[in-house]
Amino acid sequence: MTFNERLLALDRRWVFLVLTIFVIIPIFVKFAVPLSPPKEVRDVYNFIEDLKPGDYILISLDYDPGSLAELHPVAMAMLEQCYAKKLKVITLTLSQTGAQMAEEAVRDVADSCLVYHGFKPVPGIDYVYLGYKPYPGLIILGMGMNFRIPFPQDYNGTTLDSIPMMRGIKNYDNIKGVISLSAGNVSDMWVADGNGRYNVKLAFAQTGVGVADYYPYYQSGQIFGIIGGMKGAAEYEYLCKNPGTATDAMRTQVFAHAVVIVFIIIGNLAFFLGRRAKARTQESK
Amino acid sequence: MKYIILLFLTCLSLCLSQAILAQTASSDPPAEAALVPSEPPAPPGNLTLKDLPNDDGHGIAVKWDLSPDDGAGAKSVISYDIYRSLSPDAPDSLWKKAGTVVLGVKSYADKGNRESDNDDYLPKKTNLYYRVYAVGAGVRSVAAAAGPVQAYDNWFNTLKVPELIFCVVFLILTVRFINMAKRGIDLYVRPLAGIEAIDEAIGRATEMGKPILYCLGIGTAGDIATIASFTILGRVARKVAEYQTSMIVPCIDPIVMTIAQETVKAGYADAGRPDAYKEDSVYYVTSQQFPYVAAVNGTIIREKPATNIYLGYFLAESLLLAETGVMAGSIQIAGTDQVSQLPFFVVACDYTLLGEELYAASAYLGREPLLLGTLKAQDYLKAIALVCIFALLALRVFTGADVIHKPFDMPWW
Amino acid sequence: MTSKTAMRILTAIVALIFLISWIMKSGSGMSDSAFTNVRDGFLVTFAVFLTLSIFSFLYRDNPFYKFAESLYVGISAGYWMCYGFWSTVVGNFVPRASRSLSEFFHVPYQEHADHILIYIPIIFGLILLTRLLPKIGWLSRWSLAFIIGATAGLNLTRYLRSDFISQVSNSFIPLFVDWKGVGDFVNHISLAADGQFIAILSNWVIFVGVMCGLVYFFFSKEHKGAFGVASRVGIWILMVTFGASFGYTVMGRISLLVGRITFLFGDWLNIL
Amino acid sequence: MKRQIPLVLVFIFGMLLAIQYFVPSEPSQRGYEFVLDWITIIGIFAMVLGIWSQVHVGWSKIKHRSENWQYSIVALVSMFAMIAFGLSPFGGLQGTIFRLIYNNVFIPIQATIFSLLAFYIASASYRAFRARSAVSTVLLVAALLLMLRVLPMGPLADPISSIGSWMLLVPNLAAKRAIAIGVGLGGVATALKIVLGIERSYLGKD
């Protein structure tokens, strides 16, 4: 049996073994994956980076626990970026099952800021969490008039006017941009009602499954950036120099994909070499 | 006396607390962004009501002209609220909120519930009255009111004319081609590799002395793909009986199992070997997707069938089954109408029936004129679809108009 | 060493590891109650045992996998029966069949339901059960006929719109997006993803793809000449799609595996 | 009798439900809901047949001591244990033991079986993605491009990523549409064959 033939008849259990090893290694060996974030992801990052301390930004955490793996890392990295830049961050959620989770995210990142940046953003002064209200389309429209229409109080029941950072903040005119992290069609409403009617500067983070549907909005300029799936999340963490769970997951993905691709290449090489060898033996006959 | 002092003290403390509260409030200058109830927007105009067409008699179509304040200005409308009641001058509490629409929308299909004990019950053939409010920032306009109107049910849904035309055309074509086929006119059908492989595969199983595994997928008897699979199963069973080999049919649903048993039994009877049929060869495993796959995988790896046939409705288990079959060294023929699973079958199986080919397979296997007739009718409809796309595209290119954008969508107003 | 002895040694090793894990896990339990700790220690160990048993199938079929598979199938069947009983029998059937039964199961009795109609499916159901009696087993076909007839009738009309009519009508796409003449098009041609060229190209690919795809599915015409070329293009478009979907799915499947590995190394071995 | 009545039943119910689709009026809607209900209720009786089949197959294996008969005991015992826990008056589906078994036995096995797909997708890629012919090369290249999107590709990352997205959006849409139109037609044809009695193999012989 020649080398080719042996390769072509390779027992699939070798594939399984190699894949297992290369999925386990990155869990223990931490190394930086060289990522090259595409323009649509860099656009989001640069937009936030270019804001001045004290500018207002609205981050809408419109995903439910089902999309946690892909969108939570973006939320974490982005919130930390905003806090570190001393922006005033308004957060809310348009997903019914995501209210609790979003609140925890907003608070946890504020806590971790103390460790990494030496200060702790103060609720009501540096950030506010408005909570959840039903009918996303109406909420988005209402906020275009006045935040107080859909959200008379924040998540804890404090009226918006008694929250220091919300004084004088009326509607989208007072904030620099909106970033919606969503796993579904809430993004469509943000485009139609937020950007379409009030000209809000808008960017999205979407799950891997949904992201392809929203690229046309990026191409037409209705949104200024888009972060897609686990890969986008890892790229965002990379830009923020803040590697988290998405980077970890990406390490495994890169290894696993590389294994599959290498096996495909080996298979094809063996196939071609084998065919050439066969052709040669036929010629010599 | 004691009580009077107590009362006095209570009053005093109340007044004091009020004063203190007022103080703190006034020390906090009202923010300019605070929500001041602005002037109410102008009401919507020209409210008209009509029975909702094409329904079961519990719906009203409501239509109005936009409020002058719709879209811009300090008094801008945010939404419209639609209310319904059984009497024009009922108190507010008896007006049921039928729905809300955002600004810019000027109609609403109020589809009420048909059960009288439901909160949203909309009675049939009864006078109903409507009010529509334009809602601004914290305030709403005066109501535009109209009524009475009555809801009736309809006996034909005019929106479904396209489907009706389609069905009639299909029926006419089918009958025509069946008649042609019966008269003995030869209807050509192109070869399908997957179908020709079935014959071969059964022969191979006989040579190897190993069974054939036929998997109907994870659909219920209500899925058309499963029904199509039954029609193929009958013919496969007949061939299996003719070749005197054996078959295994694990099922995910008791009803599917029952129908499959009847089908296989009939196949054996057709082949003239009803005694060879064993009831236990078609059996029920469990009704859940992954346990079913685990069991079928076990069967494949232990029985090492010569051929695995997967036809029907499949989800993520497609690759689990197909790869296990490769491990067992079986020839594999698959087919499903689930586009998302076709890639896995195409990659892992020897032959794959793509989408419509699954439905055509029984005609191929049976070669009966009746079945070939429907196949021909299917082709004619495909041709009609092609012509439709071409013609309407040409119309669009030449007129440049968007009027034909969705030619089958008809407005309900 | 025969394979039987090897199997015995292996089973002994597995049992030993199982025991050690049970003891260790019970010892590190969080709860105050010793019983809960011991129970949870067992459950985690058992879950790990089952996980590894299933993975062992990748090497080859073996008694551990067979055990896990049978257990899984049995539990699933039992679960499904119970679920069917509580949701369908108690949920759908009892509230309409009898008041005393409804009270027994604590479900609200439906006063207004048509109580006579409920007997029609019961009759069909009983007829179905005649299968178990060989003499009159053929009667069960009546029930099957009802089910098949009803579902075929449902399928005859209901998916026409989503699968046929909408798909045909959605194919009317502009083949010349923002067309301002050949000169303008050539002057502004670019490969930018949002450019006019790409937009027009995409719509042409969709148009030609749908056409050729349909041609591929023609059964009663020989795929020769122009027809053959079109059907060939059709199959190419299908293959591009299948390849792309396959490649795209790899990521999701790897994530599933990472989930299980995290369970083994994190929840069980505590080394993450 | 044995074949005529079932065929008549199929025709009557098939036609009624096909026509019902076009009739929005209240009696028609209610009739539709009834029929859907009936199918679920017949399903309850079918469950008996399911249990019967399972016990029958398992028992005959045990009785004849055929290969792997021991595992039939495991399956039957776990099934009846689960039924006993689930139907007992103490909590039913929410009972403690029932939930414990479900969460600690059922869920882990389920997740693991699902995760086997990661291995299978790798071995299927290795075996099947070979440039044997033009068509299989197309399949291979498309899959490779989508997989390469995940790897760090430096300057190539942007074009690969856009081509990948384009393939998922554009040819994908065309192919899905062509398949859906065919599936729609095939489904109608199959249903029609059943209702008209052209296709009757499922009704058995004799």
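Proteins get letters first, then strands, A, B, ... in listed order; numbering begins at 1 in each.
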task: Taking heavy atoms only and a threshold strictly under 4.5 Å, list by residue number the residues of residues 269-277 of chain A that touch chain D; give 'none' if the list is empty.
output: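 Heavy-atom contacts from residues 269-277 of chain A to chain D are A:F271, A:F272, A:R275.
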query: What are the residues of residues 239-256 of chain A, in order of number, with any heavy atom under 4.5 angstrom from a heavy atom of chain D?
result: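 So the qualifying residues are A:M250, A:Q253, A:V254.
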- request: Check whether more than 12 heavy atoms from other residues, nucleotides or ligands sit under 6.0 Å from atom CZ of D:F11, and answer yes or no.
  value: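 Result for CZ/D:F11: open.
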With respect to chain D, which residue among [options] yields the maximal number of heavy-atom pairs within a distance under 4.5 Å?
options               : answer
A:G228, A:P37, A:S36  : A:S36
A:L35, A:I265, A:V260 : A:V260
A:V23, A:T20, A:I266  : A:T20

Over all heavy atoms of both residues, which pair between [X] and [Y] is shortest? Give the atoms and the distance, please.
X      : Y      : answer
A:R12  : D:S123 : CB-CB, 4.1 Å
A:N268 : D:F129 : ND2-O, 3.0 Å
D:L151 : A:A258 : CD2-N, 3.9 Å

query: Which residue, A:V259, A:I264, A:V15, A:I261, forms the side chain to side chain contact (heavy atoms under 4.5 Å, CB included) with D:S125?
result: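 Of A:V259, A:I264, A:V15, A:I261, side chain to side chain contact (heavy atoms under 4.5 Å, CB included) with D:S125 is met by A:I264 alone.
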Pairs of donor and acceptor atoms involving the side chains of residues 66-77 of chain D, under 3.5 Å and at least two apart or interchain, shall be tabulated with distances.
from  : atom 1 : to    : atom 2 : distance (Å)
D:S66 : OG     : D:K61 : O      : 3.3
D:N68 : OD1    : C:K66 : NZ     : 3.1

query: Tell me, side chain or backbone of D:R127 under 4.5 Å from chain A's heavy atoms, or both, or neither?
result: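 Just its side chain gets close to chain A.
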query: Side chain, backbone, both or neither: which part of D:L148 has an atom under 4.5 Å from a heavy atom of chain A?
result: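 Contact with chain A is through both the backbone and side chain of D:L148.
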Any residue of residues 111-121 of chain D which, by heavy atoms, sits under 4.5 Å from chain A: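 So the qualifying residues are D:A118, D:F119, D:Y120.
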message: To the closest 0.5 Å, what do you measure between CD (A:E40) and OG (D:S162)?
response: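 The CD atom of A:E40 sits 8.0 Å away from the OG atom of D:S162.
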